[in-house]
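Quick notes on the structure that follows.
Keep in mind the model is a prediction, meaning the values are calculated, not measured.
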Amino acid sequence: MTMEKIVSGLGLIAVVSGAARMLMTPCALIWGSDSMPELWAGLVACYLMAIGSLGLYMYQAARTGVLGLIGGLLLSLGNMITGCLVWSTMLKAEPSPDVMFVPMANNAIMLGGLVLFAIVTFRAGQLPRWAAVLLLIWPILGFVPVLSPWLTALWGLAYIGLGYPVWRNGKTDSGGKYKTELSV
């Protein structure tokens, strides 16, 4: 299996994760916030986004460099922690006072990853800029009460927009194949 196919597969995972994240919106509107259908869609989306984020980084690694790697890793870590928090909500677990810092730390990790990754993605210009902007502004839109039920749909749309070209092309912006060799 070539690196191009691996990156393309990770792009597909990003697309599927975006669709799962978007599924949370109708589930919440139909069955209510924190309903089991919404939480299951969120749990699947979290772990798939954690994997797909790495593919988004790998696709544009040459142009985003270390900052892209840091943003991608923060995004992946934030999605994994969010998945754990969703799982604990599904189990109706009462958090211990010793771990009450985890949601706040996760918010900082996720926000830092989102901002950094969206900026380097926008600057790299290899993936759709509208999706990078959407990834950057959806947390800000959370402060608009009328939009809050639709935020997960925007987050999912951003991942679909970023993942689709990675999945379908597997090529760089310049038309060349994804480099599998390391030059020394």
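- Scanning all heavy atoms of the two residues, the minimum distance from L162 to L127 falls at O-CD2, 3.6 Å.
- Counting only heavy atoms from C-beta outward, the side chains of Y159 and S53 approach each other to under 4.5 Å.
- Taking the ring pair (Phe, Tyr, Trp, His ring centres under 6.0 Å) definition, one finds that Y164 meets it with W167, sequence neighbours left out.
- Remark: E4 CD to N169 CG distance equals 9.5 Å, nearest 0.5 Å.
- Residue pairs that meet the ring-ring contact (aromatic ring centres under 6.0 Å, His included) test with at least one member in residues 111-145, sequence neighbours left out, are W138-W155.
- Atom CZ of R123 is separated from atom CZ of R63 by 12.0 Å, given to the nearest 0.5 angstrom.
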Listed pairs under 3.5 Å, donor-acceptor, residues 65-82 side chains, sequence neighbours left out:
from, atom 1, to, atom 2, distance (Å)
S76, OG, A50, O, 2.7
S76, OG, G72, O, 3.2
N79, ND2, L75, O, 3.0
T82, OG1, G78, O, 2.7
T82, OG1, N106, ND2, 2.8

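- Remark: of the listed residues L116, T121, V115, V115 is the sole one forming a side chain to side chain contact (heavy atoms under 4.5 Å, CB included) with L136.
- The distance from atom SG of C46 to atom CD1 of I51, rounded to the nearest 0.5 Å, is 11.5 Å.
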Under 3.5 Å, sequence neighbours excluded: what are the donor-acceptor pairs made by side chains of residues 21-34?
from, atom 1, to, atom 2, distance (Å)
T25, OG1, T152, OG1, 2.6
T25, OG1, A153, N, 3.2

Taking distance alone, no hydrogens or angles, what donor-acceptor pairs closer than 3.5 Å link side-chain atoms of residues 89-98 to residues at least two apart or in another chain?
from, atom 1, to, atom 2, distance (Å)
T89, OG1, L85, O, 3.0
S96, OG, D98, N, 3.2

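- Connection of L151 to I137 is established within a shared hydrophobic cluster, with ILVMFWY side chains joined at heavy-atom distances below 4.5 Å, either directly or through further cluster members.
- For the residue pair G161 and P128, the shortest heavy atom distance occurs at O-CG, 3.3 Å.
- Here CE of M3 is found 9.5 Å from CG of L10. Values are rounded to the nearest 0.5 Å.
- Residues V120 and Y57 fail the side-chain proximity criterion, which asks for heavy atoms closer than 4.5 Å.
- Across all their heavy atoms, I160 and A19 have their closest contact at CD1-N, 3.7 Å.
- In this structure, T64 has no side-chain hydrogen bond (donor to acceptor under 3.5 Å, both in side chains) partners at least two apart in sequence or on a different chain.
- Under the 4.5 Å side-chain heavy-atom criterion for grouping Ile, Leu, Val, Met, Phe, Trp and Tyr, Y47 is connected to V86 within one hydrophobic cluster.
- Distance CE/M49 to CG/L56: 9.5 Å, rounded to 0.5 Å.
- Atom CG of L54 sits about 9.5 Å away from atom CD1 of I13, to the nearest 0.5 Å.
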